[in-house]
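Notes follow once the structure below has been shown.
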Amino acid sequence: MSSNSTATTTSAPVQIKWWVKGDWNGLFGLGTNVLLNVIVLSGLCLAVIQMPDNVVFGRILPALGIALPLGNIWYAILARRLARRENRTDVAALPYGPSVPHMFIVVLVVMLPVFLQSGDPLKAWHAGLAWAFIVGFIILLGAIFGPWIRKWTPRAAMLGALAGISITFISMSPAAQMWEAPWIAFVTFGFILVGWLGFRKMPFNAPVGLVAVVAGTVIAWIAVLLGWSDILKPSAVAESIASIGIYFPIPGGEVLAGLQDIAPLLATAIPLGIYNFTEAMTNVESAAAAGDRYSARAVLTADGLGAIIGSFLGSPFPPAVYIGHPGWKKVGGRIGYSLVTGIVVALVCFSGLVGLFLAIFPMQALVPILLFIGLVIGAQATNVSALRYAPAIILAMLPSLAQWASGLIDNSLGAAGTNAAEVGLDKLAGNGVIYQGLALFGSGAVLAGVLLGSIAVFVIDRRMYAAAVTSGICMVLSFFGLINAAQVGINASPGVSLGYAFLMILLLGFGWAARKDKEVVLQDDLLFVNGTLMRGLGLHGNLQGAEFIAEMKTAPKYRMHDIGGVHPGMYEVEKDGVAVSGELYTLPIDVLLRVIEGEPPGLYRGPVELADGRIVPGVLYDEAMAKKHPVIESGNWRDHMQP
C-alpha cells in the first residue's frame, strides 16, 4: 500500500500534472512489459499458426495499436478524475495491455486446433476473433454484476488469487529465462532491486527502468561483438528493418465468419470471460489497497469494449487492465506512464518495429522487470490483509499453482509427442505426478481461488452461513464446468460438485449450531474513526498508509462528549443514543499499531455497530471519564468544532 494513499485533504486544490519524473520509471517498466507481450504474441502468430506477415503486421498489430491507446487514454482520464476528486497528487493510472493468459490460450487452445484440423491459418484467425468477441461480451456482462461481487468478496481472497497469478504466470517464466543468461539478467535485476526496492537514485538521476534495460543490453552486445556469445545476432537487426512500414488498422467482418462455428469456442470463452472480469476486479482491489479506488464498472466496461472493438479490427488478443498497479505506483508512476505507454505501443504497432526491438534487446534484459512486478503483487496480499487471513491467502493462491503446474506437464508431454492420457494417469501418479487432481484443481484458477479463499475468510470470521453460500456457488459453477472441471457442460465435474455440496451442508450445520453464539470477531483491517483521525483533522496523519472507504454513521446507540476541546469520547448506551458520524478505513497492521500508540489516554479500540448492521472495530472512550465532559448532542465532531 502506498505510503501516500491517505494524503490529507486540503482546501486549496493541488496541481494535477499529466507527467511527473516518476512516470519515466513507469514508462520503461510498463512499456517494456507491454512491448514484450506484443513481441511474444507476434511470434506465436507467425511461428505457431503460420499466419501471413500481412495479417500479423497489417491487421493484428494495427488493431492493437487502436485498442490499447484507447484504453490507456480512458484510464488516464479516470486517474485524473480521481486525483481531482480527492485532491491528491499520488494517484497512479491503471496499467493496460494485451492479457497475458489469453495471449497463450487463444493461440494454443483456440486457433491452433482449428489450424491443425483445417490447415488454414486464416480460418484459425477468424476463430480467434470470434473468441475475443465472446470474451468481450461476457466482460461487459461482468460490468453489471462486478461491483456487487466486489462488495461482498473478501479482499484477502481476491488479493490471494492475484498473488497466485503473480508467483506463477508472471514470475516463474521470467525467473527461468533470467537463469539462462544470468550474466545479463543479474545486472538488470540488480539495478531494479537497488532502485525500486532499495529506493537508491541512479547515476545522473536517470530512470531506473531505463538504466537497467540499457545496462543489460550493452553487456549482451559487448559479449556478441567479442565473440563470447551468440545470444543476439547482428544480421537479425538488418533483416528486421525490412518489416518496417506504415500499417493502418482496417475494420472487417472476419469476426462474423468465426462466429458461424461458435459452439467449440464457448468451452474456453465462457470461463475465460469470467476469469477476465474476476481478474479485473482483483486488479481494481489491488489498486484500492494501494490507495487508488477506481470504479469496477468503468474498468470492466473499458475491458469489454476493448476486446470487442479489437476483434472487429482484426485482433484476437483481448486487452485488459494489467496486474501491477502497486508496483508502478511504488516506482513513481502516476498518470502519464500508462498514457504514453499506449501511444508508444501504438506507434510500434503501426510501424512494424516489433521485429527490430526483438533483434536489439535481449530477453534477459527485459524479463527482470516482470519478476519485480510479480514480487510486489505477491507481497501485497499479506501486507494489506489481517494476519489471521494468511491461510486464506495461501488457499486462494493454490489453484493458480495447480494450473501452472498442469500446464507445464501438458507442454512437456506435448513436446515429446504425447499427452497425459496416452502416458496413463496411473503411471503418472506412480511417479508422484497427480495430473488429474492438478488439472481439476487448476481449472478456472482465478475464480476458484477467489471462492476458496472467501470460504476460508468467512470461516475464520465465524460467518458459517456466508461460507456455506459460497460453497453452494462453487457447487453450481463446478456443475456447469466453470471451475474445477475438464470442460464446460452439464454435470461437468460430478465428484467436485458433490464435494462442494457436502462442504455446504457441513458449514450450514456449524452455522446452525452457533446460531446463539454472540461472540463478535472484529476485522483487524477495518477501523471506524469519529474524531481527530478523520480527514483534514489533527491526527489524520496517523492513518497514513490506510485506505478511506466511506463516510459512515453508527447505529443510534452511542453518546459523544467533548473531551476538553481536544477530541471526542464515544461510548455505547442502552437508550437515548445518537448515530455518530465518522469515517471507515481499511488499514494494514503497522498502521493500526501506529494509531493505537498515538491515541490520547482513555481512548481504546472496541466493537462499534454501524448503521448498516455491521460490527467493526472503532475508537471508543471510557464512559466514566467521558461523563465529566459536555455532551455533543449531534454526534458529529466535525460539525461541533466548526466556529
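Throughout, numbering of the chain's residues begins at 1 and tracks the sequence.
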Which heavy atom of [X] sits nearest to which heavy atom of [Y], and what is that distance?
X      : Y      : answer
Gln487 : Ala492 : O-CB, 3.3 Å
Asn636 : Met560 : N-SD, 4.2 Å
Tyr96  : Pro319 : OH-CG, 3.1 Å
Ala157 : Gly453 : CB-C, 3.6 Å
Gly449 : Ala161 : C-CB, 4.2 Å
Ala307 : Gly136 : CB-CA, 3.6 Å

All side chain to side chain donor-acceptor pair (under 3.5 Å) counterparts of Thr301, not counting sequence neighbours: none
Can [X] and [Y] be counted as having a side-chain donor-acceptor contact under 3.5 angstrom?
X      : Y      : result
Tyr558 : Asn530 : no
Asp461 : Tyr389 : yes
Ser493 : Ser478 : no

Judged by atom type as modelled, is there a donor-acceptor pair below 3.5 Å linking the side chain of [X] to the main-chain atoms of [Y]?
X      : Y      : value
His540 : Leu533 : yes
Ser443 : Leu440 : no
His325 : Ala92  : yes
Ser171 : Thr168 : no
Glu609 : Thr554 : no

Are [X] and [Y] packed together at the side-chain level, in the sense that at least one heavy-atom pair is separated by less than 4.5 angstrom?
X      : Y      : value
Val457 : Ile393 : no
Leu507 : Ile455 : yes
Ile549 : Tyr585 : no
Arg535 : Glu551 : yes
Leu503 : Ser471 : yes
Leu140 : Ile308 : yes
Phe137 : Ile139 : no
Phe441 : Leu401 : no

Pairwise distance [atom1]([X]) to [atom2]([Y]) - rounded to 0.5 angstrom:
X      : Y      : atom1 : atom2 : answer
Gln403 : Asp410 : CD    : CG    : 10.5 Å
Leu438 : Leu428 : CG    : CG    : 10.5 Å
Leu94  : Trp328 : CG    : CH2   : 13.5 Å
Asp426 : Gln436 : CG    : CD    : 9.5 Å
Phe317 : Ser311 : CZ    : OG    : 13.0 Å
Leu413 : Tyr435 : CG    : OH    : 7.5 Å

Those residues that, when tested against Phe479, pass ring-ring contact (aromatic ring centres under 6.0 Å, His included) (two or more places apart):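 Counting only residues at least two positions away or on another chain, Phe479 forms no ring-ring contact (aromatic ring centres under 6.0 Å, His included).
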From CA spacing to verdict: salt bridge (charged side-chain N to carboxylate O under 4.0 Å, His left out), Arg638, Glu583: CA-CA 11 Å; Arg638 194 186 296 275; Glu583 298 172 350; 3.2 Å; yes
From CA spacing to verdict: side-chain contact (heavy atoms from CB on, under 4.5 Å), Val91, Tyr294: CA-CA 10 Å; Val91 173; Tyr294 289 101; 3.4 Å; yes
Heavy atoms of other groups near Tyr604 OH, more than 12 under 6.0 Å: yes
Atom CG of Asp612 with >12 non-hydrogen neighbours under 6.0 angstrom: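 Yes, enclosed.
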Geometric class of the Tyr571/His561 ring pair [parallel <30°, tilted 30-60°, perpendicular >60°]: parallel
Verdict with reasoning, Leu584 to Val529, per side-chain contact (heavy atoms from CB on, under 4.5 Å): CA-CA 7 Å; Leu584 186 64; Val529 301; over 6 Å; no
Test log, rule side-chain contact (heavy atoms from CB on, under 4.5 Å), inputs Leu587 and Leu543: CA-CA 8 Å; Leu587 68 176; Leu543 281 175; 4.1 Å; yes
Compile the donor-acceptor pairs under 3.5 Å between side chains in residues 616-624 and protein atoms, sequence neighbours left out, one pair per line.
{"residue": "Asp622", "atom": "OD2", "partner": "Ala624", "partner atom": "N", "Å": "3.3"}
{"residue": "Asp622", "atom": "OD2", "partner": "Met625", "partner atom": "N", "Å": "3.0"}
{"residue": "Glu623", "atom": "OE2", "partner": "Lys627", "partner atom": "NZ", "Å": "2.9"}

Quiz item: cation-pi between Arg293 and Phe548, 6.0 Å / 45°: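 Checked: cation-pi criterion not met.
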Check against side-chain contact (heavy atoms from CB on, under 4.5 Å), Tyr75 and Val299: CA-CA 8 Å; Tyr75 290 123; Val299 169; 3.7 Å; yes
Residue pair Glu574, Arg559: steps toward the salt bridge (charged side-chain N to carboxylate O under 4.0 Å, His left out) verdict: CA-CA 10 Å; Glu574 294 183 1; Arg559 190 165 295 151; over 6 Å; no
